[in-house]
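Below is one structure, written out as C-alpha cells; comments come after it.
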Number of protein chains: 2
Amino acid sequence: MARSSTRAPAITDVARLAGVSVPTVSRVITGSVPVSAERKERVHSAIRELGYRPNGAARALVTGRQSAIAVIASNTTRYGYATTLQGIEESARAAGFIVMITVIESDEPEAVSAAVDLALSHPVSGAVVLKFDPAGAAALRALPTDLPVVAVAGGKSDARPHAVLDDTAAAKHATEYLLGLGHSTVHYVAVPTSGRRAGRAAGWRKALEHAGVEPPPIYDAGWDPQRAYEFGRGVAERSDVTAALCGNDELAMAFIRALQECGRRVPDEISVVGFDDHPLSRYWTPPLTTVRQDFADLGRRSFELLGGALDGDGVRSSSVTPRLVLRESAGPVPSSPSR
Amino acid sequence: MARSSTRAPAITDVARLAGVSVPTVSRVITGSVPVSAERKERVHSAIRELGYRPNGAARALVTGRQSAIAVIASNTTRYGYATTLQGIEESARAAGFIVMITVIESDEPEAVSAAVDLALSHPVSGAVVLKFDPAGAAALRALPTDLPVVAVAGGKSDARPHAVLDDTAAAKHATEYLLGLGHSTVHYVAVPTSGRRAGRAAGWRKALEHAGVEPPPIYDAGWDPQRAYEFGRGVAERSDVTAALCGNDELAMAFIRALQECGRRVPDEISVVGFDDHPLSRYWTPPLTTVRQDFADLGRRSFELLGGALDGDGVRSSSVTPRLVLRESAGPVPSSPSR
DNA sequence: GACGACGATGATAACGTTTTCAGACGAGCC
DNA sequence: GGCTCGTCTGAAAACGTTATCATCGTCGTC
C-alpha cells in the first residue's frame, strides 16, 4: 500500500503474496481453468491488497487478441457522427471492447494516412469507418485489406461489409412527398457526400428525374449552417422557389431562419424538409418535417457486423431505410402563387 | 504479399529480409540511435515490402510508455460533452496520443467501477474525466490515485488537476444581468451538476442571495429538453414569472417553444437566457441570449494539463470564465406587468 | 605506432502475461 | 494392488519489441 511510488504490482507480486505460482494467478483471473476454492480466495485477497490490475499490453501481446476497436471519422461532434459513435461505443462496451477514436482532419492523402497510421499503431482487432464524406471514403481505401473493417454509410457497398442507412431512398421519398404536395420542383441544400452516385443528393435527383423535372442547381453548404443561412437569404428574394430539401436539420433550421427574417412564411410560402430528425427539430418554429435517421442503431449494427467480420464471416451488410416524419415545415404549394 | 492469411510480419521477418539484426530494425524505426544510410535503406524497403507495422502491445510492454489516454464521460453526444471530447482528441492527436473513450452509464457504483475497469484494462498513460455530472464525479473518485488524471469541469478543485470553465461565475453574471434588466427574480431550469456547491445552480443562487431575493424552487430538467418543454407549458400559465435562466441552450429552446405555443412572447413577456452558445442558438427565434462556453478550448486545456501531470508537474489547474453573449431572448421587464 | 574515444552493430536480457506441457495426487476400476 | 483416468498445479516457453551491454572497427591524438 505504501509502495505506490514504485512500479505497479505485477502478477509475480500477487503470486508471491498469495503463495501460489504465476499461472495459477492467471487462471484465477481469466477463469479459464478451475482452481481450488482455497487458492482462489488467497489470490483474490492478494489482488485486493496489492491493488493489482493486469497489464493489458502484456496480455494483448501474448494472446494476440485485442479488445479494442478503432473508429475513424472526420468529426465526432455533429449530430449524426456523434450519435453513430455513441451506438458503436455502446455495443462495443457491452462486448467488452473499448473504442479508440481517430479523427481525420481532411481528405488529403497525408492527413488520411497520418490518421490511419495513428489508429493502427495501437493494437486493435478491427476498425469502423464513418463513411459519411470524402474523408471517410479515403480512410476506407487506405486501410490494409487484412484488417477487419466495416464501413458505416449511406451509399454503395464495396468489398467490405457496410452498415448503411439508405439515405438515397429516403431522400427520394422526401422529394416525392414534396412533389406530391404540388410543388413543381424541389431545391436541394447539400451536405457533403461520400461519393458521386451515393447519398441524399442522388435520391433527390432520382426523384426529380422520375417526375420528369430537370434538377435545379444544388446549394452546397458543406456542413455549415451559416452557408445555408446565406442561401436562405438569397432564396427569400426569389419568388419561384416553393420547396427545398436540406441535407440535414441544422442546415434546414438556419435556412428557415433566414427565410423568416426576410418575412417569408414557412410552410405557407415555402416548404422545407430536413434530414436526420435532430433532437431539437420538433421544438423548432415551425416544427420540422424531416427524415428520421436512427444513427444509434446504425452504430450498433456496424459493431455487430464487425463482430461477424472478426469471426471470419463473409462480407455481410445491413441496410435500413429511414422514414419521413411529418410535422409542420412542409405543406401544399401556395394556392395563389407569389409569382 | 501473398502471405496475408498467415500471421502478421514481425520485426524478425524484417530483419531477416533486410539482412540486419533485430535491434537495428528497431533503431531505424525509432530513430533513437544512428544507423548507416545503406542499412537504413535496406530496412525501409523490407518494411515496405512486408507491409510491416510495429506491434503496439509489445512496444508498450517493454517501454512502459503508453501513447493512449482514456477519456471517461457519461455521454459523448451532447453539445458540451462532444465538443470537449473533440478538443481533447485534437490536442492528443497532435501530441501523438490516441484517445480511448469509455462511457459510464450511470453514477451507480457498479456502473462506475465497470467503466473504470474497462478503461484501465488497456494500457493508458493517463485519463481525462468529464466531471460535468454526478457520474463523472464518481468516476473521478474511483480512479486509482497513482494514475495521472485530470478532471474537466465546472466546479471546485480537489487533489487532482482540473481544467475548469467557471460556470458558477458565469451563471451568477447571467442572473445579475437579468436582475439588472428589472426582473424581480429569476427562475432556473436545471441541468445536472457534479456536486452540491458547484455549477450553474450555485452561481444563480449566489446572485439572487446577493440581491436579497429568495431563490424560487428549481425546475430540474436533467438533460431532457422535453422536461424543459413541459416546465415551459406550466410557466406559461403563471403570470408572475418574467425571467428564466436555463442550464443549457437545448433546454432553453424547448422551454421557449412551449411558451410560444401557449401564446406567450419572448422576450416581451418573458426573458430567457440559455447556456453554452449552442451552434443553433443564433438561428433560434428569437436568437438566444446565452453564456458562451468554449468547450473545445476546455478540452485542449485539459490535455495540456494531463501532459503536465505525466511529466510530474505538481497539481496545476486552469480556469476560464465564460462570457455572456447578448442576443434577443432577454429584455427588460414588461412595462405593464401582466399581473 | 600505441592508445583512447567514438560510432555503429549485434547478442542477450528484460517487460508481464497466457499457453503448453509435464507432474503430482487421489479416486475408481479390474 | 496395480492401472488408468481426471483434476489441479507449477515450470518453462512464447509473444514482439526496446534497452543494455559488449564488441569491433576506425579515427584522431600524443
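Letters go in sequence order (proteins before strands), and every chain restarts at 1. Everything numeric in this text was worked out from a predicted model, so none of it was measured.
- Residues A/Leu143 and A/Leu120 meet the side-chain proximity criterion, which asks for heavy atoms closer than 4.5 Å.
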Derivation and outcome, side chain to side chain donor-acceptor pair (under 3.5 Å), residues A/Asp133 and A/Ser74: CA-CA 8 Å; A/Asp133 50 36; A/Ser74 65; 2.5 Å; yes
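- Residue B/Ser21 is the one, among A/Val62 and B/Ser21, whose nearest nucleotide of DNA chain C lies closer to the 5' end (criterion: closest heavy atom).
- For A/Thr24, the side chain to side chain donor-acceptor pair (under 3.5 Å) test picks out A/Ser21, with sequence neighbours left out.
- The cationic group of B/Arg78 lies under 6.0 Å from the six-membered ring centre of B/Tyr81 and within 45° of the ring axis, placing it in a cation-pi geometry.
- Rounded to an integer number of Å, the gap from A/Arg16 CZ to D/dG10 C1' is 16 Å.
- Contacts between residues 53-60 of chain A and DNA chain D, counted as heavy-atom distances below 4.0 Å, involve no residue at all.
- Residue-level contact check: B/Pro23 touches the bases, meaning some heavy atom is under 4.0 Å from a base atom.
- Taking A/Thr30 as the reference, A/Ser32 meet the side chain to side chain donor-acceptor pair (under 3.5 Å) condition, with sequence neighbours excluded.
- Per the geometry, CD1 belonging to A/Ile11 stands 15 Å off C1' belonging to D/dC15, to the nearest Å.
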Distance-only criterion, 3.5 Å: show the donor-acceptor pairs between side-chain atoms of residues 92-110 of chain A and protein atoms not counting sequence neighbours.
| residue | atom | partner | partner atom | Å |
| --- | --- | --- | --- | --- |
| A/Arg93 | NE | A/Glu89 | OE1 | 3.3 |
| A/Arg93 | NE | A/Glu89 | OE2 | 2.9 |
| A/Arg93 | NE | B/Val103 | O | 3.4 |
| A/Arg93 | NH1 | B/Glu105 | OE2 | 3.2 |
| A/Arg93 | NH2 | A/Glu89 | OE1 | 2.9 |
| A/Arg93 | NH2 | B/Glu105 | OE2 | 3.3 |
| A/Glu105 | OE2 | B/Arg93 | NH1 | 3.2 |
| A/Glu105 | OE2 | B/Arg93 | NH2 | 3.3 |
| A/Ser106 | OG | A/Glu108 | N | 3.1 |

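- No donor-acceptor pair under 3.5 Å is formed between the side chain of A/Arg39 and the backbone N or O of A/Val20.
- You can see that DNA chain C meets the heavy atoms of chain A within a 4.0 Å-exclusive cut from C/dG16 to C/dT20, reading 5' to 3'.
- Among the heavy atoms of the strands lying under 4.0 Å from B/Val35 are primed sugar atoms or P, OP1, OP2 only; no base atom is included.
- Each end of the helix from C/dG1-D/dC30 to C/dC30-D/dG1 gets its own rotation axis from five pairs of C1' atoms, and the angle between them is 50° to the nearest 10 degrees.
- Side chains of A/Ile29 and A/Tyr52 form a contact here, defined as non-hydrogen atoms less than 4.5 Å apart.
- Residue B/Ser32 is classed as having no contact, given no heavy-atom separation below 4.0 Å to the nucleic acid.
- Taking atom CZ on B/Arg27 and atom P on D/dC21, their separation rounds to 14 Å, with Å as the unit.
- Side chain of A/Ser125 to backbone of A/Ala68: a donor-acceptor contact under 3.5 angstrom is found.
- Distances were taken from every side-chain heavy atom of B/Ser26 (C-beta onward) to each of D/dA14, D/dT18, D/dT9; the shortest belongs to D/dT18.
- The closest donor-acceptor contact from the side chain of B/Ser317 to the backbone of B/His162 lies under 3.5 Å.
- Listed pair A/Thr63 / D/dC15 fails the phosphate criterion, with no side-chain N or O lying under 4.0 Å from OP1 or OP2.
- Side-chain atoms of A/Arg160 never come within 3.5 Å of backbone atoms of A/Pro148 as a donor-acceptor pair (strictly under, hydrogens ignored).
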